Amino acid sequence: MFAARQVFGAAQRRAFSVSAKQSSKVTVLGAAGGIGQPLSLLLKLNPRVSELSLYDIRGGPGVAADISHINTKSTVKGYDPTPSGLKEALTGADIVLIPAGVPRKPGMTRDDLFNTNASIVRDLAKAAAESSPDACILIISNPVNSTVPITAEVFKSMGVYNPKKLFGVTTLDVVRASRFISQLKGTDPANENITVVGGHSGATIVPLLSQSGYELKGNELDEYVRRVQFGGDEVVQAKGGAGSATLSMAMAGARFAESLLKAAQGQTGVIEPTFVDSPLYKESHGVTYFASNVELGPNGVEKIHPVGKITDYEQNLLDVCLGDLKKNIEKGEAFAKQNM
Ligand code: NAD
Ligand code: LMR
């Protein structure tokens, strides 16, 4: 009886592992770059990824060959920088991460990247709209406040826009906000999860420290907020012209992709901050995209959480954020409409 139950148990486990195996193809566009390489590495280590598809205008197949030797189950394929390579890389993707584009140098704002990155993102968005219209699209390329609206306009123009499946990746802001408070308070950063709302550049990044139960005052609060808002500049300056955050961004992008995969594979209560097509400030401020905590589900966005209770200090930050954000969004939309 015991033996029979054991045999039955093994068979059951096999059957379960077959039926529970929900394959997921994840594509990285810009896979040979500073973010793309470590991001692809982290995705290769993720057992929820079954197929990893790596595309870049240079070096995609090399990165793929290297990563493919890692002894995890997923298959890895690199694609040549041709229209058919891009099409193949995207076809059947569940998640498409886009870190393609140029990074900042000291003295530049993210908006200074607009002229170069807007058309890169537009072209990759067109390819994704054609070949993977149902995928979740994760935009990393800056300026995120504008590249997300550009992507949305491309998808709209091609009749395949699904607001639940387009995400600006703002996870790094939360990662930083959590790390920086842990340094001030002497806590374990892994246990911190500071809500950050708004967008992803300077004053549009609004950490809501009050919601975590911490209270900083005066200069200490100003300096904390400034460090979160300009954490990217800290890295750009430290790298001295060799680019911006790549490794911490790879971790943040991999975390966001992991959360989407968890939600797609049936886990409930998965919440990540992300910049999405959002109703929160649409009517009141004409701000059509906004980052707040978002519950993820099998179809992407499940529920957009409101900002919630905030202090007067945070409200002032939010007011400045909304003004800037509106301009960044409109700039992206105008570009897309004029340059389709
Ligand atoms: P990088 O220059 O090291 O890499 C970019 C890669 O994109 C290169 O390999 C390049 O060949 C590739 N590329 C360029 N055009 C392409 C195209 N049309 N198709 C496919 N690949 C293309 O830059 P990086 O440090 O990896 O940064 C990439 C982008 O991510 C930058 O715009 C940067 O500002 C942004 N970024 C965003 C965040 C965030 O929090 N969202 C964080 C860090 C960096
Ligand atoms: C970051 O926040 O590190 C990125 O957006 C890159 C940058 O230009 O700061």
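Atoms within a ligand are numbered from 1 in the order they appear, just like the ligands themselves. Note: hydrogens, waters and symmetry copies are ignored here, and every other heavy atom, side chains too, is used. The structure displayed is predicted, hence computed values, not measured ones.
At a heavy-atom cutoff of 4.0 Å, ligand 1 is contacted by the backbone of V169 but not by its side chain. Counting heavy atoms under 4.0 Å from ligand 1, residue I35 touches it through both backbone and side chain. Contacts between D123 and ligand 1, counted as non-hydrogen atom pairs separated by less than 4.0 Å, are absent for every part of the residue. Neither the backbone nor the side chain of M249 has a heavy atom within less than 4.0 Å of ligand 2. If you look at L172 next to ligand 2, the close heavy atoms, those under 4.0 Å, all belong to the side chain. Contacts with ligand 2 closer than 4.0 Å are made by side-chain heavy atoms of N142 only, the backbone lying farther away. With a heavy-atom cut-off of 4.0 Å, P99 touches ligand 1 through its backbone alone. Residue contacts with ligand 1, taken as heavy atom pairs separated by less than 4.0 Å, involve H200 solely via side-chain atoms from C-beta onward. By the criterion of a heavy-atom distance under 4.0 Å, neither the backbone nor the side chain of T170 is placed next to ligand 1. Counting heavy atoms closer than 4.0 Å to ligand 2, residue R176 contributes side-chain atoms (C-beta onward) but none from N, CA, C or O. Only backbone heavy atoms of V102 (N, CA, C or O) come within less than 4.0 Å of ligand 1; its side chain stays farther off.
Taking the ring axis of F230 as reference, the NZ or CZ atom of R226 stays within 45° of it and closer than 6.0 Å to the ring centre.
Taking atom 10 (C) of ligand 1 as the reference point, the nearest protein heavy-atom neighbour is D56 OD1, 3.4 Å. Atom 5 (O) of ligand 2 has its closest protein heavy atom at H200 NE2, 2.6 Å.
Ring geometry for Y281 versus F290: interplanar angle of 30 to 60°, hence tilted.
Residues Q237 and D233 bring no donor and acceptor atom of their side chains to less than 3.5 Å of each other. Judged purely by distance below 3.5 Å, without hydrogens or angles, the side chains of E192 and Y214 pair a donor atom with an acceptor atom. In the model, T204 has a side-chain atom that pairs as donor or acceptor with a side-chain atom of N145 under 3.5 Å. Side chain to side chain, K44 and S74 meet the donor-acceptor criterion of an N or O pair below 3.5 Å.
A salt bridge links K331 to D111: at least one charged side-chain nitrogen sits closer than 4.0 Å to a carboxylate oxygen. Remark: K77 engages E88 in a salt bridge, criterion side-chain N to carboxylate O under 4.0 Å.
Between Y289 atom OH and S146 atom OG the span is 11.0 Å, to the nearest 0.5 Å.
The shortest heavy-atom distance from G243 to ligand 1 is not under 4.0 Å.
Within a 6.0 Å radius of NZ in K156, other residues, nucleotides and ligands contribute more than 12 heavy atoms.
By the 3.5 Å distance cut-off applied to N or O atoms, R104 is counted among the residues near ligand 2. An N or O contact shorter than 3.5 Å is missing between D233 and ligand 2 by distance.
Residue contact check: A245 has heavy atoms under 4.0 Å from atoms 3 (O) of ligand 2.
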